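Take a look at the structure below.
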Amino acid sequence: MPEIRNYTLNFGPQHPAAHGVLRLVLELDGEVVQRADPHVGLLHRGTEKLAESKPYNQSIGYMDRLDYVSMMCNEHGYVLAIEKLLGVQAPERAQYIRVMFDEITRILNHLMWLGTHALDIGAMTLFLYCFREREDLMDVYEAVSGARMHATYYRPGGVYRDLPDTMPQFNVSKWHNAKDVAMMNEARSGSLLDFIEDFVHRFPSLIDEYETLLTDNRIWKQRTVGIAAVSPERALQLGFTGPMLRGSGVEWDLRKKQPYEVYDKLDFDIPVGVNGDCYDRYLVRMEEFRQSNRIIQQCVDWLRANPGPVMLEDNKIAPPHREDMKGDMEALIHHFKLFTEGYCVPEGEAYAAIEHPKGEFGVYMVSDGANKPYRVKVRAPGFAHLSAMDEMVKGHMISDVVSVIGTMDIVFGEIDR
Amino acid sequence: MSEEEITISPLQQRADDLQERFAEQAVDVLVARGEITLEVPREHLITVCTALRDEPDLAYSQVMDVCGVDYSTYGEVEWETNHATTSGFSRAVNHNEEHEAKWLKDRFAVVYHLISYRHNKRVRVRTFADSEFPVVDSVVGIWNGANWFEREAFDLFGILFDGHPDLRRILTDYGFVGHPFRKDFPLIGEVEMRYDAEKKRVVYQPVTIEERVNVPRVIRSEHLHGVDEAETE
């Protein structure tokens, strides 16, 4: 009789369901996972070390590239930490813009999560639906910052510039005739806020569309209900935050509990799961779509009614207006100093955390008074979630590993940093 | 109402309570920018952390983050700006030749960020490790979530965690030598990788590029934005 041994399987790093570069060493007994050992770090770029060698503002762009599906939220954590050290606060309009873009980013992130999670478990259509909506929101990013993904839009002291009055339009090409283009440009004829409002009105029915395909789908439920259930006690022990924690029934959201920016002036609810399994986490994120949509609508209304500055008028940290530089020597010097040397930040340390789409995104920053940070530590939510991989998949079938990776909403940019 | 009663803020009150509670363990409590930091001697780390988790009026049920810090070049600059110079800062600057250390405590620190869901409070715990042979007790037994964070601090700073169940490297490459986030590890690294056509495999070799500093690290003494610690409260 042959010897029966556990089988060791290498999952990734080039597996499409590994969501990037995850190498997972699985020890299997038949099809049942006995042990999972994630090997991470294949995308390690040393962002924190790089940030130590650059003036503060030059690292904002690196933050986009951490969690590269929720770009502006990463920037937000970083600029909040700098603002805390400087002891400044952005103007109210900038705070509303930041909150609006945080929620747009949350929708972007959850769309990416939903599309790929569903694709991994076998629902192809949803992937296409989600990417259709992502395209609209990418256009919003582009209109405001010039880049579809890596925006570098938030700055310490506000945001880079105010919202534009026009949206980029489609042109007639050999694929789209004038009639098509007129239809496609219909929502884009007004300002950026008009376009966002149009999206906000359309989006609830689109969420219903996704839910029709999944929420009561027999196959979807078979693949997610009861899979990787985590109790609230374990979720806390394992360092879960965000939807992973709320899915386990812990009502905790930094936007409500430790409000930053203007979240305390906005009206929204926090969805909480019951069983802590993949299905509950799915339901939590679906409800977050609707809540984010509500927040965006409130921000749009406020931003329409309240024009104002979006950046501090303080030229020691914010660059002067371009017109001023033409005639004012002092403005020119400020501009030169800011863009060559940067600004010095008072000595001390600060930890700023935001409710990132994936959980708590924290930036711990130590300054020794120089124009470059002494130490930046990014607390990535995905890092803590992935470390619970072994516990979550133990005893499940190998096909459930894919569900668990999906439900964790893993992005390697932030885990490997 | 007497004057002292008015001046003590809730934050300061919390800090005073913590100072009193951990007086036996010689914990230093610092308050800055609305945050409380406990500086714990490393021999008392486990006692203090267990108390922070288990006592009902503290209840720090989750460790949010664990990270290492290397303080060896704290306060050092690449360009002195206190006096006017005739030379300015040259681009391809050589790193400081000789300097006296500005940091007088131990070189390595481990910083823990804790959160209490019951009381909606945060606290930061810092413990210093020995400069030559940095070892700190592991808190994985107290908060399981610290596992990978401690592995990361070990990988990047070479800080050992006594009692950690599985202290392997995590972020760097298989077979990596050194601890890259230490301040004496160059930004450009020690080795580079290329494909060797003769050997028909990937080889490692010492780096062929030179490190250069485009923007010097400076500390301007006049912080126009400096805020008094008391004001940020």
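Residue numbers begin at 1 in each chain, while the letters A, B, ... track the order of the sequences. What you see is a predicted model; the values in this text were computed from it and never measured.
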Region of [X] in contact with chain B, defined by heavy-atom distances below 4.5 Å:
X       : result
E52(A)  : both
P38(A)  : both
L43(A)  : neither
A388(A) : neither

[X] and [Y]: which non-hydrogen atoms are nearest, and at how many Å?
X       : Y       : value
P373(A) : R217(B) : O-NH2, 3.7 Å
F240(A) : Q62(B)  : O-NE2, 2.9 Å
T73(B)  : D368(A) : O-OD2, 4.4 Å
R124(B) : Y351(A) : NH2-N, 3.5 Å
L85(A)  : R33(B)  : O-NH2, 3.1 Å
G46(A)  : F181(B) : CA-CZ, 4.2 Å

Exercise. Could you go step by step and tell me if I115(B) and K257(A) meet the side-chain contact (heavy atoms from CB on, under 4.5 Å) rule?
Worked result: CA-CA 12 Å; I115(B) 188 165; K257(A) 303 285 180 182; over 6 Å; no

Problem set entry | Test side chain to side chain contact (heavy atoms under 4.5 Å, CB included) applied to A229(A) - qualifying residues, sequence neighbours left out |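 A229(A) satisfies side chain to side chain contact (heavy atoms under 4.5 Å, CB included) with D277(A) once adjacent residues are dropped.
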
For this session: Taking the side chain as every heavy atom from C-beta outward, state whether E211(B) and S53(A) have any pair of such atoms under 4.5 Å apart.
Result: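 Heavy-atom side-chain distance check fails, nothing below 4.5 Å.
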
Exercise. Would you say the side chain of L156(B) lies within less than 4.5 Å of the side chain of H44(A), judging by non-hydrogen atoms?
Worked result: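 Yes, side chains in contact.
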
So does [Y] get a backbone contact from the side chain of [X], meaning a donor-acceptor N/O pair under 3.5 Å?
X       : Y       : answer
E360(A) : M64(B)  : no
K372(A) : V215(B) : yes
R375(A) : D70(B)  : no
K49(A)  : P186(B) : no

Exercise. Y374(A) vs Y71(B) aromatic rings, parallel, tilted or perpendicular, using cut-offs 30° and 60°?
Worked result: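 Rings of Y374(A) and Y71(B): parallel, as their planes differ by under 30°.
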
Counting heavy-atom pairs under 4.5 Å with chain B, which one of [options] comes out on top?
options                           : result
L386(A), N371(A), L238(A)         : N371(A)
R417(A), Q258(A), Q58(A)          : Q258(A)
T340(A), T241(A), L236(A), L50(A) : L236(A)
P381(A), A384(A), P55(A)          : P55(A)

Problem set entry | Within 45° cone of F149(B) ring axis and under 6.0 Å: K377(A) NZ or CZ |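 Negative - K377(A) is either too far from the ring of F149(B) or too far off its axis.
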
Problem set entry | Heavy-atom pairs under 4.5 Å with chain A, option from V111(B), N147(B), D166(B), T37(B) with the top count |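 So the answer, after comparing V111(B), N147(B), D166(B), T37(B), is V111(B).
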
Between [atom1] of [X] and [atom2] of [Y], what distance do you get to the nearest 0.5 Å?
X      : Y       : atom1 : atom2 : answer
E35(B) : E349(A) : CD    : CD    : 7.5 Å
K54(A) : L187(B) : NZ    : CG    : 7.0 Å
L42(A) : Y174(B) : CG    : OH    : 6.0 Å

Problem set entry | Residue part contacting chain A, namely of R126(B), when any heavy atom lies under 4.5 Å |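 The side chain, not the backbone.
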
Exercise. Tell me, side chain or backbone of R122(B) under 4.5 Å from chain A's heavy atoms, or both, or neither?
Worked result: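 For R122(B), side-chain heavy atoms alone lie under 4.5 Å from chain A.
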
[X], [atom1]: over 12 other non-hydrogen atoms inside 6.0 angstrom:
X       : atom1 : result
E192(B) : CD    : yes
E330(A) : CD    : no
E210(B) : CD    : no

Problem set entry | Positions in residues 136-146 of chain B that reach chain A, provided some heavy atom is under 4.5 Å away |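 Answer by number: I142(B), W143(B), N144(B), G145(B).
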
